[in-house]
Amino acid sequence: MSKWYPKKGRVILHVDMNSFYASVEMAYQSSLKGKPLAIAGNPEERKGIIITSSYEARAKGVKTTMPLWEAKRLCPELIVMRPNFDRYRIASKEMFKILYEVTPYIQPVSIDEGYMDITSCEDQGSPLAIAERIQTKILSQLDLPCSIGIAPNKFLAKMASDMKKPLGITVLRKRDLPYKLWPLPVAEMYGIGGKTADKLKGIDVETIGDLVEADLFQLKRLLGINGERLQNRAKGIDPSPVDPDAIHDFKSIGSSETLPHDTTDETEIKKLLRHLARNVARRVKRKHAVGQTVQLMLRYHNRKTVTRSVKLPDYIENEEDLFQTGVDLFEHNWNGEPIRLLGITLQDVAEKKDIAKQLDLFTYEKEASKEKLYVAIDQLTEKYGENPFKRIKEQEEEPRTSFQKDFLDDYFHQ
Amino acid sequence: MKFVIQRDQLMESVQHVMKAISSRTAIPILTGLKIEAKETGIKLTGSDSDISIESFIPTEDNGIVNIEQIEAGSIIVQAKYFPDIIRKLPQKTVEIITDNHLNVTIRSGNAEFHLNGQDADEYPQLPQLHTDESFELPTDLLKDLIKQTVFAVSTVETRPILTGVNMKVEEGYLNFVATDSHRLASRRIPLESQTASITFPSVVVPGKSLTELNKILEEDQESVEVSVTENQILFRTKNLYFLSRLLDGKYPETSRLIPEQSKTIVYGQTKELLQSIDRASLLAKESKNNVVRLQTKENTVLEISSNSPEVGKVVDEVTADSIEGEDLKISFSAKYMMDALKAIENDHVKIEFTGAMRPFIIRPIDNDQILQLILPVRTY
């Protein structure tokens, strides 16, 4: 028994890499250290926006998603680099490897952050000692800084890791909440965006402490069920488990791309739609998913952006259906002006195993012919637990599009 | 034109023809309602060019006088205002007068409306049907035929022909079939011997037309005359003329899609099953397809269950009258099952299954004129 670990309850770490892409570049090229550095998509082209920046750049007001020209105006000496996704992928893999040395109970959230449940790791020392060891190891082996939050649940761990950057370790216990968490403005709370914060302001909830005090009935009326969840979190209650499979939850799968030049050429537009449909279909397939709503995004030469979607009677998954629906949406909604960017997203996505497929009178024979197989799988599943047969995953050779999600897919499927 | 009419009579007829009038139509005059007065009575007409309805109010009906002071004539009034005006008039009688400048005066008690009318000559002539291929049906039977099938038509335009009900005469039976490809509803009735010899083509009537017709027809034993041509169908009663466009195209052959053998047969009580499915679907509504699962158990028990991970689950048991054949586990849309059971018309029902991935058939226990078929859902 250790005094560091609660008898009941959990110990959760949230590990958050500090300005990850920029830090990786600095690790590769130490001359960049201490300089304002930004990673931007296609620096030469007008469409470049800041993906991430070093703390030195942030000090000058450079922010993520800011257009490049604006960042340069704020910080003329800014060094801008293209993203080297291969480098980040390797670094992330190494980083998670260090985490996995501590425990397998890890929930990756993105390429550069994850939760760890170390409740049963008392043999490895106190939570603080474990966190320090992780931070030191990532810094010495990978030359990358990270911040770590230690708390009894995921929400508090996330809030804690945010409190000291870079290279911070913050312990946030329930008894610390009144002076560490509650004085913060409510917008700082993870899970509260600008709109929610505005709504809360309307009922005089300015700080996280106010949220704790707020009337639950009023919150529910304002924010629905989420109101209760947010209040619970503010009180330090978050029962959600560290779920190693959570990364496979997804509601939409999309792909978008900017054209090399504004165009009204339908052949070119359709070619890009085809390419996007193929990207989406490939990822849909890899996830064994299907989806019911297709959304098309059009951005015009003047940056005006419209999204239009259609809900289909049936679930779709393949490239042809995505392409056809995308083209339909395009033809119905394009105003004829030059187009800069197109995107196709499949929404209402579900894993095939979670949804039911309504059979069709005119085509059911095809499905029914496999009935014996399904019955056998069913029986074996009952006997042995989870479906003992898995469809063979297909090997993908084409380059990835949506980098982060795909990266995580790859990583956790190998 | 002039007449004085019982307000309730007029209102009822107006409501009937309004079923055919749409505010969105390519032909502007069709947003109007046509009124024609003759010595014999008043005729109202509404049309959206897909459906046309004429409703006739006789001057005198079984010795009861409906209309007085008739001066023949005709006018088009705006359907947007006319029905509300009639509904809200203060007295039981209404006087309607037109002058030579297409002005319409509507008077009842102390209330007097002046409406601008339009020239009735501008209203398109309703097509006259010329066909010998007609037959008569009792109204309540026609209403049954519609109610037991029309709910199964497709509501999406992906296969337009499936938005209609297939009507055909075969071997002395009149058949109604509707399917949205996920379920199928059919009802057939033997034709009277004198009409049994008629031949008429297999036609597809828009589901919407039949739904509206069903709303207008009174539940009674009066007969409806049905006439069919290549592209139109006419339903005529004593005072009603209901004309609908037919759907173009060939209706898929459905009879061969209905399984002939079965592996599991369940006999049960219609109402009890319906209530159990209804309960199970309470939670299933949240999920994508409103799916419930049916499983046969020992001692003629059926387990009906549903599971929505985010909401919860429900398990319900119903005792069947009997179960024959193999054990079965099958999932299907609760809505389709409830629609089908409601159409059954009998306290006892027979359900024939041929496997978890094949269509199953629901029939009343004692007659094969009603057939409901449902395709199950497969969980991947």
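Below, chains carry the letters A, B, ... as their sequence lines are ordered, and counting in each starts from 1. Below, all heavy atoms of this structure are taken into account, side chains as well, without hydrogens, waters or symmetry copies. Please read these numbers as outputs of a predicted model, since none were measured by experiment.
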Check whether B:Arg256 gets within reach of chain A through its side chain, its backbone, both or neither, counting any heavy atom under 4.5 Å.
-> neither
With a 4.5 Å limit on heavy-atom distance, are the side chains of A:Asp360 and B:Leu375 in contact?
-> no
Chain A contact via B:Ile374 - which portion, at a heavy-atom distance below 4.5 Å = neither
Greater than 12 external heavy atoms within 6.0 Å of A:Tyr105's OH = no
dist A:Leu359:CG -> B:Ser331:OG (nearest 0.5 Å) comes out at 10.0 Å
Nearest heavy atoms of B:Val377 and A:Gln358, plus distance in Å | CG1-OE1, 3.2 Å
Would you indicate whether A:Asn335, at its atom CG, is surrounded by more than 12 heavy atoms from other residues, nucleotides or ligands within a distance under 6.0 Å?
-> yes
Check the surroundings of atom CD in B:Glu298: do more than 12 heavy atoms from other residues, nucleotides or ligands lie under 6.0 Å from it?
-> no
Region of B:Thr179 that comes under 4.5 Å of a non-hydrogen atom in chain A = side chain
State, with a plain yes or no, whether a side-chain heavy atom of A:Phe362 is found less than 4.5 Å away from one of B:Leu162.
-> yes
Is B:Arg378 close enough and on-axis enough to A:Tyr364, meaning under 6.0 Å and within 45°, for cation-pi?
-> no
Could you tell me whether the side chain of B:Leu373 reaches within less than 4.5 Å of the side chain of A:Leu361, counting heavy atoms only?
-> yes
Tell me, yes or no, whether the heavy-atom count around B:Glu253 atom CD, taken from other residues, nucleotides or ligands under 6.0 Å, exceeds 12.
-> yes
